[in-house]
Amino acid sequence: MTPIIQFRQVNYRYGHHRYALNGVTFDIAANRRTAIVGANGAGKSTLVFHMNGLFLPLTGTVLFKGEPVTKANRERMIEHVGIVFQDPDDQIISMTVRDDVAFGPTQRGLPPEEVERRTEAYLSLLNIKHLADRNPNELSYGQKKMVAIAGILAMETEVIIFDEPMAFLDPEGKKEIQRILNMLHEQGKTVIVTTHDMQLVAEWADDVIVMNEGACLGKRSPARLFADPDLLHAAKLHLPPIAELVSPFWDGDPEHMPLRLEEAKRWLQSKLR
């Protein structure tokens, strides 16, 4: 699998505080679904801000498609890596939804007809075309979230990062976010999420990067992560709800324990026959 983003012994700290990233090394493969997990303060958001050049390492190297991200090229990274912030109010800046979705492509200097095409396409794709002329400040949190996502999708970057995408959403909003994550993966995008939602990790991720206090504790598949109680404990993580329900009754290989809802249903049905 070809890496699209690589961290090599990356160190970073805010001012004179302790290191927010401490010797971090890992690869993120292209066209994969990657989750970054860890407790609050683990360094997840700091990692993300290095991926699009917003932050640069104090020491070490971040590479995009094999090229180091530096002061000279960091501004171009927004053309390749888009970030949807946890709080949409940190991202929305325009007076109408339509203008906000169009903002990024306009700033890139794209032709007006291409800006219009992208704007209308992503308003439709996220089912918010009816909000196009509304002031974002008048919208609900979930609607604002869709506006922020549409603005990033309109940039049509190769990598799209979602910082805690499920935070503060109701069940229907979470279902819509997962639909978008899956749709982007099917389109060939590299999709990355930071999350506390272990069931999302179990249901969605191909790869999981585990962070704790600024250090990378490893990269695993969801099955290998949830089969490793020592790693979960070290990272202050817990089993997802489905696995927690099944684990007291599971007597097979821990890496084959049902993690997804549909898997657990099939396993339970087999036990009840």
Side-chain angles (χ1 to χ4, degrees), residues 4-5 28 30-31 33 45 48-56 62 64-165 169 173 176-194:
I4 192 166
I5 294 174
I28 291 179
N31 311 125
R33 298 171 294 187
S45 294
V48 164
F49 295 146
H50 279 76
M51 291 182 188
N52 79 336
L54 185 62
F55 290 177
L56 293 175
V62 176
F64 179 78
K65 289 187 170 180
E67 180 182 357
V69 180
T70 66
K71 288 182 180 179
N73 63 17
R74 66 191 297 182
E75 292 185 5
R76 300 204 315 271
M77 288 302 298
I78 62 169
E79 300 176 11
H80 303 288
V81 180
I83 300 176
V84 179
F85 296 146
Q86 178 177 340
D87 187 346
D89 287 325
D90 292 339
Q91 199 149 359
I92 295 172
I93 60 173
S94 300
M95 296 301 293
T96 70
V97 168
R98 178 178 279 107
D99 286 346
D100 203 81
V101 176
F103 181 81
T106 300
Q107 292 299 302
R108 282 185 58 185
L110 297 178
E113 59 272 18
E114 176 62 12
V115 173
E116 182 178 4
R117 181 197 70 78
R118 292 190 185 190
T119 301
E120 297 305 313
Y122 291 107
L123 287 171
S124 296
L125 189 66
L126 270 64
N127 301 315
I128 54 172
K129 199 164 187 175
H130 62 291
L131 303 175
D133 296 319
R134 296 273 302 276
N135 186 324
N137 292 325
E138 301 170 353
L139 304 180
S140 70
Y141 179 88
Q143 289 171 327
K144 288 180 181 179
K145 194 84 167 178
M146 291 300 119
V147 173
I149 292 171
I152 293 301
L153 297 191
M155 295 290 284
E156 297 192 348
T157 56
E158 300 159 78
V159 178
I160 303 174
I161 303 171
F162 293 78
D163 192 9
E164 294 290 352
L169 292 176
E176 180 65 5
I177 290 291
Q178 194 157 345
R179 179 189 75 85
I180 293 166
L181 295 175
N182 289 331
M183 175 193 67
L184 293 171
H185 177 251
E186 289 165 5
Q187 292 176 352
K189 304 286 188 182
T190 301
V191 187
I192 302 166
V193 301
T194 71

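Heavy atoms only: backbone and side chains are in, while hydrogens, waters and symmetry mates are out. Residues: numbered from 1 along the sequence shown.
Note that NZ of K145 is 6.0 Å distant from CG of L169, once rounded to the nearest 0.5 Å. Distance CD1/I28 to CD1/I4: 9.5 Å, rounded to 0.5 Å. In this structure, the separation between CG on L184 and OG1 on T190 is 10.5 Å, given to the nearest 0.5 Å. Here the NZ atom belonging to K65 is positioned 10.5 Å from the CD1 atom belonging to I5, to the nearest 0.5 angstrom.
Residue pairs meeting the salt bridge (Lys or Arg N to Asp or Glu O under 4.0 Å) criterion with at least one partner in residues 116-125, sequence neighbours excluded, are R98-E120, E114-R117, E114-R118, R117-E156, R118-E156, E120-K129. The salt bridge (Lys or Arg N to Asp or Glu O under 4.0 Å) analysis of residues 178-191, with sequence neighbours excluded, yields the pairs E176-R179. Counting only residues at least two apart or in different chains, salt bridge (Lys or Arg N to Asp or Glu O under 4.0 Å) contacts with residues 77-91 comprise D89-K144.
Annotation: side chain of Q178 is in contact with side chain of N182 (closest heavy-atom distance under 4.5 Å). At least one side-chain heavy atom of L139 sits under 4.5 Å from a side-chain heavy atom of V97.
Every residue meeting the side chain to side chain contact (heavy atoms under 4.5 Å, CB included) condition with L126, not counting sequence neighbours, appears here in chain and number order: I128, M146, I149, A150, L153, I180. A search for side-chain hydrogen bond (donor to acceptor under 3.5 Å, both in side chains) contacts involving D99 returns T96, not counting sequence neighbours. Judged as a side chain to side chain contact (heavy atoms under 4.5 Å, CB included), and not counting sequence neighbours, A121 has no contacts. Scored by the side chain to side chain contact (heavy atoms under 4.5 Å, CB included) test, E138 finds R134, N135 as partners (sequence neighbours excluded). By the side-chain hydrogen bond (donor to acceptor under 3.5 Å, both in side chains) test, Q91 is found to be paired with no residue, residues two or more places apart in sequence or in another chain being considered. Scored by the salt bridge (charged side-chain N to carboxylate O under 4.0 Å, His left out) test, E67 finds R76 as partners (sequence neighbours excluded). Listed by chain and residue number, F64 satisfy the ring pair (Phe, Tyr, Trp, His ring centres under 6.0 Å) test with H80 (two or more places apart in sequence, or in another chain). Checked against side-chain hydrogen bond (donor to acceptor under 3.5 Å, both in side chains), T194 has the following partners two or more places apart in sequence or in another chain: D163.
Across all non-hydrogen atoms, the minimal contact from I83 to I152 is O-CD1, 3.3 Å. Between V69 and L56, the closest heavy-atom pair is O-CD2, 3.8 Å. Between T157 and G82, the shortest heavy-atom distance links the atoms OG1-N, 3.5 Å. The minimum heavy-atom distance linking L123 with A132 is given by the pair CD1-CB, 4.0 Å. P88 and Y141 make their closest contact through CD-CE1, 3.5 Å (heavy atoms, listed as atom of the first residue, atom of the second, distance).
Between the side chain of N73 and the backbone N or O of P68 there is at least one donor-acceptor pair closer than 3.5 Å. Side-chain N or O atoms of N52 include none that pairs as donor or acceptor with a backbone N or O of I78 at under 3.5 Å.
At most 12 heavy atoms of other shown residues, nucleotides or ligands fall within 6.0 angstrom of atom CE in M95. Atom CZ of F85 sits in a crowded spot, with more than 12 heavy atoms from other residues, nucleotides or ligands closer than 6.0 Å.
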Donor-acceptor pairs under 3.5 angstrom involving side-chain atoms of residues 104-112: please list them, not counting sequence neighbours.
{"from": "T106", "atom 1": "OG1", "to": "A102", "atom 2": "O", "distance (Å)": "2.7"}
{"from": "R108", "atom 1": "NH1", "to": "M155", "atom 2": "O", "distance (Å)": "3.0"}

I161 vs M51, test: side-chain contact (heavy atoms from CB on, under 4.5 Å). Steps then yes/no. CA-CA 9 Å; I161 303 171; M51 291 182 188; 3.7 Å; yes
